[in-house]
Protein chains: 2
Amino acid sequence: MPAATNPANHDHDHCIADALTRADALCAERGARLTALRRQVLELVWTSHRPRGAYAILEDLSQREGKSAAPLTVYRALEFLVEQGLVHRLESLNAYIGCAAPGAVHSGQFLVCEACGNAVEIDDPRIRAAIDTIAAERGFQVDRPTVEVRGRCTDCQEKTP
Amino acid sequence: MPAATNPANHDHDHCIADALTRADALCAERGARLTALRRQVLELVWTSHRPRGAYAILEDLSQREGKSAAPLTVYRALEFLVEQGLVHRLESLNAYIGCAAPGAVHSGQFLVCEACGNAVEIDDPRIRAAIDTIAAERGFQVDRPTVEVRGRCTDCQEKTP
DNA sequence: GGCATGATGTTATTTTATAACGTAGTCAGC
DNA sequence: GCTGACTACGTTATAAAATAACATCATGCC
Ligand SMILES: [Zn+2]
Ligand SMILES: [Zn+2]
Ligand SMILES: [Zn+2]
Ligand SMILES: [Zn+2]
C-alpha cells in the first residue's frame, strides 16, 4: 500500500476518479450536497498523495476558473469535505489530504514522509486501541485523536540510505 | 496525575519553580544558554497547564517588560526551548506547553481537554510501540510522531455528564 | 582591547484562517 | 407558477500565526 503512493507506480487518475465516485455515492446516500464547487475542490485535494495547503488549492481553483477565487470559497468547501469525512486535515502541516477510506468511521492516522512529502493514511486499530487503553486508565474520554508520524518512507530511504 | 493538572488541587507555583530549576540544570549541563529572556518565556509557557499561543505569551511578556516586544522575540525563545526539549508545540492548537519530563528522550503525547483546555503529557511507551510496529511493517522510518488526543478530562466529564 | 559567535532588536512581509454582510440558487408546500 | 425558508456562494475586510532581512548588542575567548 505504501508503494501505491509512489506516483511512479500507480495510476493516479484512477485514484482521483475513484475518490470522486465514492464521494458522489456517499453524499447521495446521506442527502449531502456535493456541489460542483465542492467536487472540484475535492478533486484538487486529490491532485497527489501529498497534503496540500488551502492556498495552493485556491490558486489551482482560480487558474481553472479563469477568475480569482477568495480564500473563504476554498475553506468553506474544505470544511464541508472534512465534515463528510472525504478529506482529512493534517494539523502538523496546515494542509489537507483525501481520505483513503471515506464512509468508515475513523479519525485519521498518517505517516508523512519529510523527504517526498507523501502522506499515507494508516488508520490502524492497534494505535487507536493503545490510545483508548491509556485514556481509559486516566478516565479521559476520547473524542478525536490526532496521529501524524513524520519520518521517511521506504522509497526515500532507498534513495539516501 | 491528571488530578494534578486541576488548578484547584495543586500548588502550581511549585510546578513553575520546579520547571525552571530543571531547565537551569539541564542547560548548564549541556552548555546551552538559558538567557533571562528565554527563562522568562519558559516561565510564561508554564503559566498554566493549558497550551498557550505565541501571541498570548508575547502579550504577557510585553506587559511584564513595560514595553511591547516583537513576535520574533517570542518565537526565537520558543524555538530554543523546543530544541532543548523544555517545551512542546501542540500542532493541533498552534500552541506551546511546558514539558513534563525534560531530559528524557520522547516526542510528546498529549490528552487535551476540549472543555477546560488543560493538556496532560502522557508519553506512554505503548502508543509509541504501536506506532513503531506499524511503521516497521510498512518500512517507514519514524522520526517524530505527533499524538494529540482531543476529548474530555475526568473533571469536565463530572461537571456535565 | 580585538574579534568571533551567538542573542536580541526592529521593521516589514508572508502564510493561514475567519468575520460580516449581501446575493443567489434550491426545494417544499401552496 | 409563486412564496418563503434554507443553504450555498460571492465580496470585502480583518485577524491570527509565522518568518525574512538586516542592524545592534552581549558574551567569552585570544
Ligand atoms: Zn494515487
Ligand atoms: Zn480517512
Ligand atoms: Zn501545575
Ligand atoms: Zn515532554
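So that the names make sense, note that chain A is the first sequence line, chain B the second, and so on, each numbered from 1.
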- Message: Measure CD1/I57(A) against P/dT15(C) and give the value in whole Å, please.
- Response: 16 Å
- Task: Write down the distance between CG (L34(A)) and P (dT7(D)), rounded to a whole number of angstrom.
- Result: 17 Å
- Query: Under the salt bridge (Lys or Arg N to Asp or Glu O under 4.0 Å) test, which residues partner D132(B), sequence neighbours left out?
  - Reply: R128(B)
- Gap between atoms CZ and P, on R30(B) and dG6(C) respectively (whole Å): 18 Å
- Taking CG from L78(B) and P from dA7(C), how many angstroms apart are they, rounded to a whole number? 15 Å
- Does H106(A) reach the main-chain N or O of P125(A) with its side chain, forming a donor-acceptor pair under 3.5 Å? no
- Note on the structure: d(R22(B) CZ, E29(B) CD) to nearest 0.5 Å is 13.5 Å
- Message: Output the rounded distance in Å from OH (Y75(A)) to C1' (dA15(D)).
- Response: 12 Å
- Query: Are more than 12 heavy atoms from other residues, nucleotides or ligands located less than 6.0 Å from atom CD of Q40(B)?
  - Reply: yes
- Message: Once rounded to the nearest 0.5 Å, what's the spacing between atom OG1 of T47(A) and atom CD1 of I57(A)?
- Response: 7.5 Å
- Base dA17(C) paired with Y55(A) side chain (donor-acceptor, <3.5 Å): yes
- Note on the structure: Here the distance between atom C1' of dA28(C) and atom CZ of R33(A), to the nearest Å, is 13 Å
- Whole-Å distance, E79(A) CD to dT16(C) P, equals 18 Å
- Message: Tell me which residues in residues 85-94 of chain B lie within less than 4.0 Å of DNA chain C, going by non-hydrogen atoms.
- Response: none
- Query: Do V147(A) and I122(A) belong to the same hydrophobic cluster, where Ile, Leu, Val, Met, Phe, Trp and Tyr are linked whenever their side-chain heavy atoms lie under 4.5 Å apart, directly or via other members?
  - Reply: yes
- Message: Between I97(A) and F110(A), does the side chain to side chain contact (heavy atoms under 4.5 Å, CB included) criterion hold? Intermediate values first, please.
- Response: CA-CA 10 Å; I97(A) 191 167; F110(A) 294 89; 3.7 Å; yes
- Once each nucleotide of nucleotides 9-14 of chain D is scored for protein heavy atoms under 4.0 Å, what B/S/- sequence comes out, 5' to 3'? BBBB--
- Rounding to a whole Å, what distance do you find between R52(B):CZ and dA18(D):P? 15 Å
- Would a distance-only check, ignoring hydrogens and angles, find a side-chain to backbone donor-acceptor pair under 3.5 Å from R138(A) to V120(B)? no
- Query: Are side-chain N/O atoms of E91(A) and T146(A) paired as donor and acceptor at under 3.5 Å?
  - Reply: no
- Considering heavy-atom distances to DNA chain C, does F80(B) or A54(A) have its closest nucleotide positioned more toward the 5' end? F80(B)
